[in-house]
Amino acid sequence: MGLPTLDVRADDITIVLTGDTGFSRNHSPVHPKGVLKFGKRPPFKTALAGIADEIDGDLNFTNIETVVTDRNDLRRDTKGQRGPFNFRTHPNGLRALVGAGFNVLSLANNHSMDYGPTGLRETLKHVAALPRDPMRLVAGIGEDRKAAAAVATTRFKGVDIAFGALGIATNNLARHRAGENKPGQLAYRFDADFRTALTQLRSTAADYRMLSIHYGIEGQVRTDARQIKDWRRRAARDGAIDLVIGHHAHVVRAIERVGDALVFYGLGNFIHHGTANMTRKGICKDYGLVARIHLRRSKAGLVTPLAVEVLPVTQTHIATTRLKPAASTARIHVLNYLAGKLPQSRGIPKAEGLRFTPQKDGRGLYCFAGAIDAEAGGSGRAASLCKGWTPAPQPPASLRRRIARSCAR
């Protein structure tokens, strides 16, 4: 990834995806200069410095898993838990993310209400205060149900793009769900909320629709049966949703294509000072994922995927950086293993787990059949990447055994 010399066509569109993000430790005071961890307070941009070059899409997504506020007097919501985690990030942290190129932001997750309605309003206020950018898409929370369900839209290179987001309410707390006159978010575990999110996106006039969903059993790399059923069948099968972006479990899960739709079941952590040091969790759980999707708008106006790149990252609890090529390649084989563990798609013949071919620098690459075609003429970023591409190889036997042990659940 990070290959600026590749040919870029006027009809190319690139989307970068990352997982859970927040400059916050559990209920720690916010500070304008950075997050205090391990006795140091480096600037916010330092946490991004090792990965910033990879945030180079036209659209760059992350999940803001924190309240955004400059206040330390907010009362935390304990969420019915004995040891709750409450996250808040100084607005300068949000500005650092935007400065690094992030322009697609999900605000819907189990930490968006960590400081109650006041915290939610703080987040909305500071997001609204960002410099205006027609490419910025923000969704997921609001002062009422209508606002929380609202779809963000933009037009880029003649393509109308729509983005929606929904999260989960801790312990299914009613006070965290948006209502007719109540702030909050749509909560995935409530069927009515999921239907509303799908309906809102489907009814939006757009050429490409993206849905962010915060859900999954934490620490479990095998995709939940409910996610398979809902995301594969209800979200992607009929072509109404082109990209499902999953996160929350803190570990990376399989990636699937359903026709031309893409489903990311779990991106893991991107950068979050309040999360665990995942480097100690074993080969199946010790990394996060940065993904890059290459799309093309055809002469007929259709938007189709041409290639997907994935890059495993590490040190997500303090300062995200790439894994070295050999270690990164091993995680690509992990991702392929998980794709092979997805259940068969009954009634959806075009669903398949993506298996990526390791590249010399540790990236994984998957190329669609149309990456190099007559219309593309062999030009464009995806075509440059996919020349000579071959399907993913099997990992060495010793690595297969190691992966199977680590990915048992």
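In this text, all values refer to a predicted model and were calculated from it rather than measured experimentally. Starting from 1, each residue takes its place in the sequence as its number.
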Is the side chain of K182 donor-acceptor paired with the backbone N or O of A174 at a distance under 3.5 Å, no angle test? yes
Quick one: does P393's side chain get under 4.5 Å of P358's, heavy atoms only? yes
Side-chain heavy atoms of L211 within contact of I245, under 4.5 Å: no
Mind checking the CD1-OG1 spacing from I318 to T316? Nearest 0.5 Å is all I need. 10.5 Å
With respect to E256, which candidate in K341, R355, R232, R233 satisfies the salt bridge (Lys or Arg N to Asp or Glu O under 4.0 Å) definition? R232
With side-chain hydrogen bond (donor to acceptor under 3.5 Å, both in side chains) as the test, would you mind laying out the steps for N269 and Y287 before giving the verdict? CA-CA 8 Å; N269 296 333; Y287 68 102; over 6 Å; no
Ignoring hydrogens and geometry, is there a side-chain-to-backbone donor-acceptor pair from T204 to Q200 under 3.5 Å? yes
If only side-chain N and O atoms count, and only distance matters, is there a donor-acceptor pair under 3.5 Å linking H111 with N86? no
Please tell me if the side chains of F156 and I161 come closer than 4.5 Å, counting only heavy atoms from C-beta onward. yes
Any carboxylate oxygen within less than 4.0 angstrom of a Lys/Arg side-chain nitrogen, looking at D77 and R88? no
Heavy-atom check, side chain of V16 versus side chain of F61, under 4.5 Å: no
Counting only heavy atoms not in K125, do more than 12 sit closer than 6.0 Å to its NZ atom? yes
Applying side-chain contact (heavy atoms from CB on, under 4.5 Å), run through L289 and L311 and close with a yes or a no. CA-CA 6 Å; L289 200 69; L311 180 67; 5.9 Å; no
Could you tell me whether the side chains of N63 and N109 share a donor-acceptor contact shorter than 3.5 Å? yes
Distance-only, no hydrogens or angles: does the D193 side chain make a donor-acceptor pair with backbone N or O of L186 under 3.5 Å? no
Looking at S406 and R402, would you say the former's side chain and the latter's main chain have a donor-acceptor pair under 3.5 Å? no
Rounded at 0.5 Å granularity, tell me how far CZ in F356 sits from CD1 in I332. 7.5 Å
Can you say whether the rings of H272 and F87 are parallel (under 30°), tilted (30 to 60°) or perpendicular (over 60°)? tilted
Does D191 come within less than 4.0 Å of R226, counting only side-chain N to carboxylate O? yes
Can we say E54 and R292 salt-bridge, meaning some charged N sits less than 4.0 Å from an Asp/Glu carboxylate O? yes
If I take atom CG from residue L94 and atom CG from residue L107, how far apart are they, to the nearest 0.5 angstrom? 8.5 Å
Can you name the closest pair of heavy atoms from L166 and F194 and give their distance? CD1-CA, 3.9 Å
More than 12 heavy atoms from other groups under 6.0 Å of NZ on K45: no
Nearest heavy-atom pair of Q185 and S112: which atoms, and what distance? NE2-OG, 3.5 Å
Within the structure provided, determine whether V159 and I13 are in side-chain contact (heavy-atom separation under 4.5 Å). yes
Verify the distance criterion only: is there a donor paired with an acceptor across the side chains of D70 and H90 at less than 3.5 Å? no
Roughly how far, to the nearest 0.5 Å, is CG of L338 from SG of C284? 4.5 Å
Spacing of S212 atom OG and L243 atom CG [to the nearest 0.5 Å]: 9.5 Å
Just do the side-chain contact (heavy atoms from CB on, under 4.5 Å) check on I15 and L295 with the steps written out, would you? CA-CA 8 Å; I15 301 174; L295 305 169; 3.7 Å; yes
Where the side chain of R381 meets the backbone of H294, is there a donor-acceptor pair that is under 3.5 Å apart? no
Regarding R253 and D224, does a basic nitrogen lie under 4.0 Å from an acidic carboxylate oxygen? yes
Does F23 reach the side chain of N92, with side-chain heavy atoms less than 4.5 Å apart? no
Please work out whether the ring planes of F368 and Y366 are parallel, tilted or perpendicular, with thresholds of 30° and 60°. perpendicular
Ion pair present between R155 and D160, side-chain N to carboxylate O less than 4.0 angstrom? yes
Which disulfide (SG to SG under 2.5 Å) pairs, counting each pair once, include a residue from residues 216-273, with sequence neighbours left out? none
Exercise: identify the closest heavy-atom pair between F85 and G274: CE2-O, 4.2 Å
Pair F270 and F102, ring centroids less than 6.0 Å apart: yes
Any side-chain heavy-atom pair of I141 and T123 under 4.5 Å: yes
Considering only NZ, NE, NH1 and NH2 on the basic side and carboxylate oxygens on the acidic side, decide whether D286 and R331 come within less than 4.0 Å. yes
Check this for me: does any side-chain nitrogen of one of E180 and K146 sit under 4.0 Å from a carboxylate oxygen of the other? no
Answer whether the closest heavy-atom distance between the side chains of L342 and Y265 falls below 4.5 Å. yes
To the nearest 0.5 Å, tell me how far L262 CG sits from I241 CD1. 13.0 Å
Regarding T62 and T18, is there a side-chain donor-to-acceptor distance under 3.5 Å anywhere? yes
side-chain contact (heavy atoms from CB on, under 4.5 Å) for L399 and I283? Distances and angles first, verdict last. CA-CA 10 Å; L399 184 58; I283 192 172; 3.8 Å; yes
Side chains of Y115 and H27: donor-acceptor distance under 3.5 Å anywhere? yes
Polar side-chain atom of N171 near backbone of L173 as donor-acceptor pair, under 3.5 Å: no
Side chain K37, main chain H273, donor-acceptor under 3.5 Å: yes
NZ/NE/NH1/NH2 to OD/OE distance under 4.0 Å, D12 and K157: no
What one should report as the nearest heavy-atom pair of T390 and T357 is O-OG1, 2.5 Å
Tell me the closest heavy-atom pair linking S106 and A165, and the distance in Å. OG-CB, 3.6 Å
Considering all heavy atoms, the nearest K285-K281 contact: CB-CB, 3.8 Å
Does R177 make a cation-pi contact with F190 (under 6.0 Å, within 45 degrees of the axis)? yes
Between the side chains of D11 and R296, is the shortest nitrogen-to-carboxylate-oxygen separation below 4.0 Å, so that they form an ion pair? yes
Quick check: does any side chain N or O of S28 sit under 3.5 Å from a backbone N or O of R25, one acting as donor and the other as acceptor? yes
Hey, is the main chain of H250 close enough, under 3.5 Å, to the side chain of E218 for a donor-acceptor pair? no
May I ask you to decide if T89's main-chain N or O and T66's side chain share a donor-acceptor pair within less than 3.5 Å? yes
Tell me yes or no: between the side chains of R145 and T196, is some donor less than 3.5 Å from an acceptor? yes
As a quick check of understanding, evaluate side-chain contact (heavy atoms from CB on, under 4.5 Å) for Q315 and H317, giving each step before the final call. CA-CA 5 Å; Q315 299 297 322; H317 64 299; 3.3 Å; yes
Going by distance alone, is a donor N or O of one side chain under 3.5 Å from an acceptor N or O of the other, for H247 and E65? no
